[in-house]
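Worksheet for the structure shown next.
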Number of protein chains: 2
Amino acid sequence: MDETLAVDLLVIAARFTRWAGRAADGAMPTALWRALSQVDELGPLRVSALAALDRTSQPTATALVQRLERHGWVERSADPEDARASLVATTSEGRERLAEQRAAVGRALAPRLGALSGQQHEDLARGLAVLRDLVAHAPPGG
Amino acid sequence: MDETLAVDLLVIAARFTRWAGRAADGAMPTALWRALSQVDELGPLRVSALAALDRTSQPTATALVQRLERHGWVERSADPEDARASLVATTSEGRERLAEQRAAVGRALAPRLGALSGQQHEDLARGLAVLRDLVAHAPPGG
DNA sequence: AACAGTACATAGGTTACCTATGCATCGTCC
DNA sequence: GGACGATGCATAGGTAACCTATGTACTGTT
C-alpha cells in the first residue's frame, strides 16, 4: 500500500522533473531559476536556510547563490544577528528575470496543464500541497 | 494560475525527488532501481520504449539496462519483429532485488506517509495519478 | 536498388548534486 | 574570561544522473 505509493511517488516525481525540465528549457538552468524562485518567495534568507528548505546540501545552495549573485539576480547583506551568516534577497533584475522564466515555464507546460479537467486540476493542486507539506516537515533526508 | 502551478510542480517535484532519494538511500542507486522497476512493471520492452516512457534519453536507458544486465537483474532477448531491437525483461534475481528495494523505499518514507490523514493520502494518490497521466501523454519534452 | 527513417551502442560532455574540510563566529559552561 | 562544541558558509574534490552527437546495422517505402 504505502510501499507502492512511495515507489510511485519517486518514479513519477523524477519522471515529471525530467520531462518538465526539458519542456521548459529556456536560457536559464533549472537549478538556478528554482533557487531564485525560492529566494524570491521566502527571502531574505540565509544560504543554509535555502539549503534546508529546498532539501539540497549547503555547498549546493552556496554555489547556486554565488551564480545568482554573479548575474546580479540576488544580493547579499550581513545578517545582523550573526557575523557568520548572510541574508540573500532578490534584486529587481532578479525579479524581472524570474518573471520571464516563470512565464516561459508556464507556456511550456500550458498545453498539458490546459488539457486537464477542472477536477484533475484540483486533484493535482491538492496532491502538490500534500507533497510540499510532506517534505517540509520531514527530517533532512535521513 | 497555471503558471504558478507549473512552477510549483517543478520546484516541489524536484525537491521531493532529492529528499526521498536521500531518505531512501540504499545499496542501489536511484536511477538503477527506477529503471528496474519500470522494466518489471511494463516489460518485456525495448530499450527505446523504456527511454520514452521514463522520459529519459535513449543512451541513458541503454546505459541503465547495461548496468542492470551486468548485475543479472534483467536479461535481453532478440525482438522477433526487428533485428535491431532487443527486449528487456526482469530476471527472478531482479524481481527479488526489486522487492527488497521497494521495501526499503517504503520503510524510508513510511514515517512521513504514515503521518498523512486519510484525506491527504487520497489527495496525494489522486494528484499522482494526474501527474503520471500528464507526463504519459505529453510530447517528449519539447 | 535507393533512400529515409529507426534502434541502439558508444563517445564525449554537461548539469546537478554530494561529502569532507577549513576558517570564523557563536553560545554555553566552568 | 577561557575552553569547547556547535554553527554558517566557502572551497575542494568527487559522484550520479543525465544530455546530444555520431556511427552502424536494420527496416519500410518507393
Side-chain angles (χ1 to χ4, degrees), chain A residues 10-11 13-36 38 44-70 74 76-88 140-142, chain B residues 10-11 13-36 38 45-52 54-70 74 76-88 140-142:
Chain A
L10 255 171
V11 167
R15 183 184 299 167
F16 174 80
T17 300
R18 279 192 300 283
W19 171 75
R22 288 164 78 177
D25 188 32
M28 202 173 169
T30 303
L32 205 54
W33 74 254
R34 197 194 71 231
L36 182 57
Q38 296 306 284
L45 79 169
R46 293 182 179 184
V47 173
S48 50
L50 177 63
L53 73 87
D54 205 34
R55 300 288 155 155
T56 62
S57 70
Q58 171 261 308
T60 299
T62 294
L64 287 172
V65 167
Q66 285 175 344
R67 284 165 72 190
L68 290 172
E69 208 174 0
R70 206 174 300 138
V74 301
R76 303 269 202 124
S77 55
D79 186 340
E81 297 188 0
D82 191 331
R84 295 168 297 188
S86 48
L87 294 177
V88 185
Chain B
L10 255 171
V11 168
R15 183 184 296 168
F16 173 81
T17 300
R18 281 194 299 282
W19 170 75
R22 288 165 77 177
D25 188 33
M28 201 172 171
T30 302
L32 205 53
W33 75 252
R34 195 193 73 230
L36 182 57
Q38 296 308 284
L45 80 170
R46 293 182 181 187
V47 173
S48 50
L50 178 62
D54 204 35
R55 299 290 155 154
T56 62
S57 70
Q58 171 261 310
T60 298
T62 295
L64 287 171
V65 167
Q66 284 175 349
R67 283 166 72 190
L68 290 172
E69 209 173 2
R70 205 174 300 140
V74 302
R76 303 270 202 123
S77 56
D79 185 338
E81 297 189 3
D82 191 330
R84 296 167 297 187
S86 48
L87 295 177
V88 184

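Here is how names work: the chains are called A, B, and so on, in the same order as the sequence lines, proteins then strands, and each is numbered from 1.
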End axis versus end axis in the helix from C:dA1-D:dT30 to C:dC30-D:dG1, the angle rounded to 10°, five pairs used at each terminus:
30°
Out of C:dC26, D:dC19, C:dC17, which has the shortest distance to the side chain of A:Thr60?
C:dC17
Just how far, in rounded Å, is C1' of D:dC9 from CG of A:Leu64?
14 Å
Value in whole Å for how far the P atom of C:dA16 lies from CH2 of A:Trp33:
11 Å
What N/O pairs connect the protein and nucleotides 1-3 of chain C at under 3.5 Å? Give each pair on its own line.
none

Stepwise, does the side chain to side chain donor-acceptor pair (under 3.5 Å) test hold for A:Thr62 with A:Gln66?
CA-CA 6 Å; A:Thr62 294; A:Gln66 285 175 344; over 6 Å; no
Let's go through A:Leu50 and A:Val65 carefully: what are the C-alpha distance in whole Å and the side-chain angles of both, what is the deciding distance for side-chain contact (heavy atoms from CB on, under 4.5 Å) to 0.1 Å, and is it a yes or a no?
CA-CA 9 Å; A:Leu50 177 63; A:Val65 167; 3.7 Å; yes
Are the side chain of B:Arg18 and the backbone N or O of A:Asp54 linked by a donor-acceptor pair below 3.5 Å?
yes
Extract from the structure each pairing of a protein N or O with an N or O of nucleotides 8-10 of chain C at less than 3.5 Å, listing the distance.
residue : atom : partner : partner atom : Å
C:dC8   : OP1  : B:Ser86 : N            : 3.3
C:dC8   : OP2  : B:Ser48 : N            : 2.7
C:dC8   : OP2  : B:Ser48 : OG           : 2.4
C:dA9   : OP1  : B:Arg76 : NH1          : 2.7
C:dA9   : OP1  : B:Arg76 : NH2          : 2.8
C:dA9   : OP2  : B:Thr62 : OG1          : 2.9
C:dA9   : N7   : B:Gln58 : NE2          : 2.8
C:dA9   : N6   : B:Gln58 : OE1          : 3.0
C:dT10  : OP2  : B:Gln66 : NE2          : 3.0

Name the nucleic acid region contacted by B:Thr56, choosing base, sugar-phosphate or nothing; use a 4.0 angstrom heavy-atom cut-off, strictly under.
sugar-phosphate
Can you confirm whether B:Val88 sits close enough to B:Glu69 that some side-chain heavy atom of one is under 4.5 Å from a side-chain heavy atom of the other?
no
C:dC17 phosphate, OP1 or OP2: any side-chain N/O from B:Arg18 under 4.0 angstrom?
yes
side-chain N/O B:Ser57 vs D:dC18 OP1/OP2, d < 4.0 Å
no
